[in-house]
Student: 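Take this structure, written in structure tokens, and hold onto it; I'll ask about it next.
If you read the sequence from its start, that first residue is 1, and numbering goes on from there.
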Amino acid sequence: MRIRKAVIPVAGLGTRFLPATKAIPKEMLTVVDRPTIQYIVEEVVASGIEQIILVTSEGKSAIENHFDFNYQLETHLAQKGKTVLLEQVRHISNLIDIVSVRQKKPLGLGHAIWVTREVVGNEPFAVLLGDDLVVSETPCCQQMLNLFADVQESIVAVLRVPQDQTHQYGIVEGQSTPDHKRVVVVDRLMEKPSPGTTDSNLAIIGRYILRPEIFEELSRIKPGHGGEIQLTDALLALTRKRTMYAYEFEGDRYDAGDKLGFLKAIVAFALRHPDLKDAFRSHIKEVAAGL
């Protein structure tokens with residue numbers, strides 16, 4: 001079974017970034033020279049996936065417009081002879097086939113994935129959250145697809161976090177496997193466990209490979225933490241029926257949905273930008289020297 005589709009939920013209100021996100025979707029906040037959502041889409045494209053399903057809500061049209069063809073803008077750039085900018089704009093609209101599904105009520109990540117069931121169909125699919133940016137030699141999504149090709153089961157991406165931060169994440173407990181490096185067979189998943197209730201520090205981040213059976217489990221889940229349909233609860237139910245894996249991906253992850261994490265992402269991507277990295281590195285050194 002091959003992964004052809006990726007779901008990207010973008011229906012959240014972005015309250016952690018208010019007032020900046022009062023009129024602008026949080027996914028359209030810019031990291032260096034492109035919105036955060038474009039980094040996620042480009043990771044999907046680089047991983048060889050054929051279609052993206054955006055889960056949207058009211059006020060998210062700017063995201064769809066960003067990846068759409070803009071005749072007026074392209075005509076203006078062509079008339080002005082701005083060929084480099086024109087190619088960049090055309091590149092965005094030609095990245096990949098994108099469709100949208102509306103999440104009419106803010107009922108959580110699990111519900112956001114459930115509303116894509118008709119578009120996804122009876123096949124495995126990837127899920128990438130727009131808040132999580134990953135810098136890596138091999139795209140994080142591609143790393144997970146490589147593992148899925150071997151195991152053909154659902155996979156959650158994880159990273160190790162300090163023990164005193166485990167209550168901020170979904171946490172995985174499980175057993176390492178001799179067949180694959182950086183892989184754990186999942187025994188248990190917990191959504192933001194209370195301090196002291198688990199010894200595991202394997203935190204789930206915004207990358208998943210899910211088998212279609214997840215939709216049946218989501219249809220049975222009752223509202224959990226925060227009154228929302230929690231994906232973690234559906235994943236736990238699925239582990240009782242099928243093997244599930246946690247994959248400790250290679251790369252650096254930045255939480256672009258958090259103000260400090262967003263600033264860290266800007267620095268990380270600026271220091272890798274081919275046109276800006278040298279000047280930006282000098283500026284950082286000057287700022288640090290003056291502190």
Side-chain angles (χ1 to χ4, degrees), residues 3 5-18 21 25-28 36-37 40-41 44 49 51-64 98-132 141 144 154-158 167-172 186 188-193 203-242 244 255-258:
I3 307 295
K5 301 177 182 180
V7 172
I8 305 179
V10 294
L13 295 176
T15 54
R16 288 190 289 175
F17 270 97
L18 286 171
T21 51
K26 65 177 181 177
E27 296 84 4
M28 291 300 294
T36 57
I37 185 64
I40 304 300
V41 170
V44 170
I49 288 176
Q51 184 182 64
I52 286 174
I53 303 162
L54 294 177
V55 183
T56 67
S57 61
E58 183 181 6
K60 298 287 185 170
S61 59
I63 299 174
E64 296 166 303
I98 298 178
V99 299
S100 297
V101 176
R102 182 66 70 97
Q103 184 184 24
K104 297 180 180 179
K105 296 181 180 180
L107 297 179
L109 176 58
H111 181 261
I113 293 173
W114 185 75
V115 301
T116 70
R117 63 197 182 283
E118 298 296 335
V119 183
V120 171
N122 189 33
E123 59 183 278
F125 61 103
V127 177
L128 297 90
L129 303 190
D131 288 344
D132 282 317
C141 183
M144 298 177 71
S154 296
I155 305 166
V156 297
V158 294
H167 67 283
Q168 301 174 14
Y169 297 88
I171 297 296
V172 166
V186 177
R188 185 184 178 201
L189 302 99
M190 297 154 285
E191 180 64 26
K192 297 181 179 179
I204 302 171
I205 68 129
R207 299 289 187 279
Y208 308 82
I209 301 293
L210 301 177
R211 290 184 58 92
E213 290 86 351
I214 193 65
F215 292 121
E216 181 179 355
E217 302 305 330
L218 285 168
S219 69
R220 299 172 178 172
I221 294 298
K222 296 181 179 180
H225 184 87
E228 299 180 341
I229 305 298
Q230 296 293 337
L231 176 61
T232 304
D233 293 339
L235 292 174
L236 179 59
L238 189 58
T239 62
R240 301 188 181 107
K241 300 176 181 179
R242 304 189 66 98
M244 183 177 297
D255 181 3
D258 171 80

Student: For Ile3 versus Pro124, what's the shortest heavy-atom pair and its separation?
Tutor: CD1-CB, 3.4 Å

Student: Run the salt-bridge test on Glu58 and Arg102 with the 4.0 Å N-O cut-off and return the result as yes or no.
Tutor: no

Student: Can Arg242 and Glu213 be counted as an ion pair, charged N to O under 4.0 angstrom?
Tutor: yes

Student: Determine yes or no for a side-chain-to-main-chain donor-acceptor pair under 3.5 angstrom, with Ser154 supplying the side chain and Leu210 the backbone.
Tutor: no

Student: Determine yes or no for a side-chain-to-main-chain donor-acceptor pair under 3.5 angstrom, with Lys60 supplying the side chain and Val10 the backbone.
Tutor: yes

Student: Take Ile63 and Thr56 through the test side chain to side chain contact (heavy atoms under 4.5 Å, CB included) and record every step on the way to the result.
Tutor: CA-CA 9 Å; Ile63 299 174; Thr56 67; 6.0 Å; no

Student: Side chain of Lys192, backbone of Gln168: donor and acceptor closer than 3.5 Å?
Tutor: no

Student: Give the C-alpha distance, both sets of side-chain angles, the deciding distance and a yes or no for side chain to side chain contact (heavy atoms under 4.5 Å, CB included) between Leu218 and Ile113.
Tutor: CA-CA 9 Å; Leu218 285 168; Ile113 293 173; 4.0 Å; yes

Student: Determine the minimum heavy-atom distance between Ile205 and Asp132, stating which atoms define it.
Tutor: C-OD2, 3.8 Å

Student: Quick check: does any side chain N or O of Thr232 sit under 3.5 Å from a backbone N or O of Met190, one acting as donor and the other as acceptor?
Tutor: no

Student: If only atom types and distance count, is the side chain of Arg220 paired as donor or acceptor with the main-chain N or O of Ala237 below 3.5 Å?
Tutor: no

Student: Quick check: closest heavy atoms across Val101 and Val115, and the distance to 0.1 Å?
Tutor: CG1-O, 3.4 Å

Student: Can you tell if the side chain of Leu235 reaches within under 4.5 Å of the side chain of Ile214, non-hydrogen atoms only?
Tutor: yes

Student: Determine whether the side chains of Glu64 and Ser100 contain a donor N or O and an acceptor N or O closer than 3.5 Å.
Tutor: yes

Student: Is Arg117 reaching over with its side chain to a backbone N or O of Phe215, donor-acceptor style, under 3.5 angstrom?
Tutor: no

Student: Nearest heavy-atom pair of Ala112 and Val55: which atoms, and what distance?
Tutor: O-CG2, 3.5 Å

Student: Test side chain to side chain contact (heavy atoms under 4.5 Å, CB included) on Asp258 and Arg16; report intermediate values, then the result.
Tutor: CA-CA 7 Å; Asp258 171 80; Arg16 288 190 289 175; 4.0 Å; yes

Student: Between His111 and Gln103, do the side chains contain an N or O donor and an N or O acceptor separated by less than 3.5 Å?
Tutor: yes

Student: So, for Ile204 and Tyr169, which heavy atoms are closest and what is the spacing to 0.1 Å?
Tutor: O-CD2, 4.0 Å

Student: Check whether any side-chain N or O of Lys5 sits under 3.5 Å from a backbone N or O of Gly121 as a donor-acceptor pair, and report yes or no.
Tutor: no

Student: Apply salt bridge (Lys or Arg N to Asp or Glu O under 4.0 Å) to the pair Asp233 and Lys222, showing each step before the final yes or no.
Tutor: CA-CA 9 Å; Asp233 293 339; Lys222 296 181 179 180; over 6 Å; no

